[in-house]
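Everything below concerns the one structure shown next.
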Amino acid sequence: MSALAAARYGKDNVRVYKVHRDEKSGIQTVVEMTVCVLLEGDIETSYTKADNSVIVATDSIKNTIYITAKQQPVTTPEVFGSILGSHFVEKYSHIHAAHVKIITHRWVRMNIDGKPHPHSFIKDSPETRNVQVDVVEGKGIDINSSINGLTVLKSTGSQFWGFLRDEFTTLKETWDRILSTDVSANWQWRRFSNVSEVKANVAKFDSTWEAARAITLKTFAEDNSASVQATMYKMGEQILATASLLETVEYELPNNHYFEIDLSWHKGTKNTGKDAEVYAPQSNPNGLIKCTVGRAGPKAKL
Ligand SMILES: O=c1[nH]c(=O)c2[nH]c(=O)[nH]c2[nH]1
């Protein structure tokens with residue numbers, strides 16, 4: 001005998017673009033998103049009894065995403081995701097949870113001759129602003145906001161020494177190395193009871209994203225890094241300090257290695273240690289360092 005242990009379904013990779021035209025100033029603002037909506041509820045019979053009557057078609061889910069984008073503001077993604085997710089839970093009595101993921105792509109207004117252009121934008125990096133919004137009937141709205149794909153490099157101001165040495169160790173200690181990573185950072189908000197409460201906090205979503213991005217860049221640049229671990233913890237504790245509604249901040253940082261190349265085989269060319277100038281960037285393997293920073297207290301545990 002088998003049983004359905006868990007199920008959710010919906011539409012993924014729904015690409016949506018929305019423009020706002022300010023008639024007075026002529027300034028247009030654009031948002032491009034990739035949306036995923038997955039539903040849970042009393043849908044078991046659709047799997048076990050071929051009962052399609054409980055299925056809100058994924059095509060209808062896609063249509064609902066477009067209509068909601070037309071009728072509601074799509075910024076902030078936290079608010080839009082909460083409105084969208086709550087719609088499914090409120091509209092269909094047998095749907096008890098909606099999981100909304102929104103990836104917001106980076107369109108930055110162009111500066112032309114030193115002035116912001118009214119309707120032209122540049123995608124200056126693959127970086128995205130993401131949210132995961134989980135609306136659960138009777139419980140509330142859980143929101144996780146994140147930065148992804150923010151690639152950074154510093155050419156000095158990073159060290160790595162004093163690490164455990166044994167018969168498996170070949171890595172040399174260094175007091176000056178290149179540090180590069182692709183930042184994934186996310187922050188978990190304390191549970192909101194409903195959409196109105198999410199809307200009441202709308203300004204915090206943008207300001208916290210801006211603070212998280214600025215803290216990440218400033219700390220990366222200015223910290224004389226002892227390790228990826230020590231630097232990412234400093235980032236996490238500063239972000240937690242900026243917003244009291246945050247429960248945790250999580251970082252996931254690959255350590256993208258740049259290896260020195262010994263060029264002494266060519267006429268004794270010096271290219272290691274203090275003479276190193278030409279390096280070989282590595283695609284793999286890479287270090288992968290993660291941590292979650294929470295507020296100290298009885299709940300904190302490893
Ligand atoms: O910042 C670092 N953390 C590590 O855990 C580690 N391990 C390693 O080989 N290099 C580095 N660098």
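Keep in mind it's a predicted model, so treat the numbers as computed, not measured. The first residue in the sequence is number 1, and the count goes up from there. Start at 1 and go down the list; that is how both ligands and their atoms are numbered.
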Quick one: look up the protein heavy atom nearest atom 9 (O) of ligand 1 and list residue, atom name and how far away it is.
L171 CD2, 3.4 Å
So W161 and W175, would you call those rings parallel, tilted or perpendicular, with 30° and 60° as cut-offs?
parallel
Specify the protein heavy atom at minimum distance from atom 5 (O) of ligand 1: its residue, its atom name, and the distance to 0.1 Å.
Q229 NE2, 2.9 Å
Please report the interatomic distance CG(D262) to CG(N271), rounded to the nearest 0.5 Å.
8.0 Å
Within a reach of under 6.0 Å around CZ of R190, are more than 12 heavy atoms found that belong to other residues, nucleotides or ligands?
yes
Among all protein heavy atoms, pick out the one at the shortest distance from atom 11 (C) of ligand 1; state its residue, atom name and that distance to 0.1 Å.
F160 CE2, 3.3 Å
Quick one: CD1 on I67 to CG on L84, what's the gap to the nearest 0.5 Å?
12.0 Å
Report the relative orientation of the aromatic rings in F160 and F163; use parallel for angles under 30°, tilted for 30 to 60°, perpendicular for over 60°.
parallel
Atoms in ligand 1 flagged as close to S227, the criterion being non-hydrogen separation under 4.0 Å
1 (O)
Within the 4.0 Å heavy-atom cut-off, what R177 brings close to ligand 1 is side chain
With heavy-atom distances below 4.0 Å as the criterion, list the atoms of ligand 1 near V228.
1 (O), 2 (C)
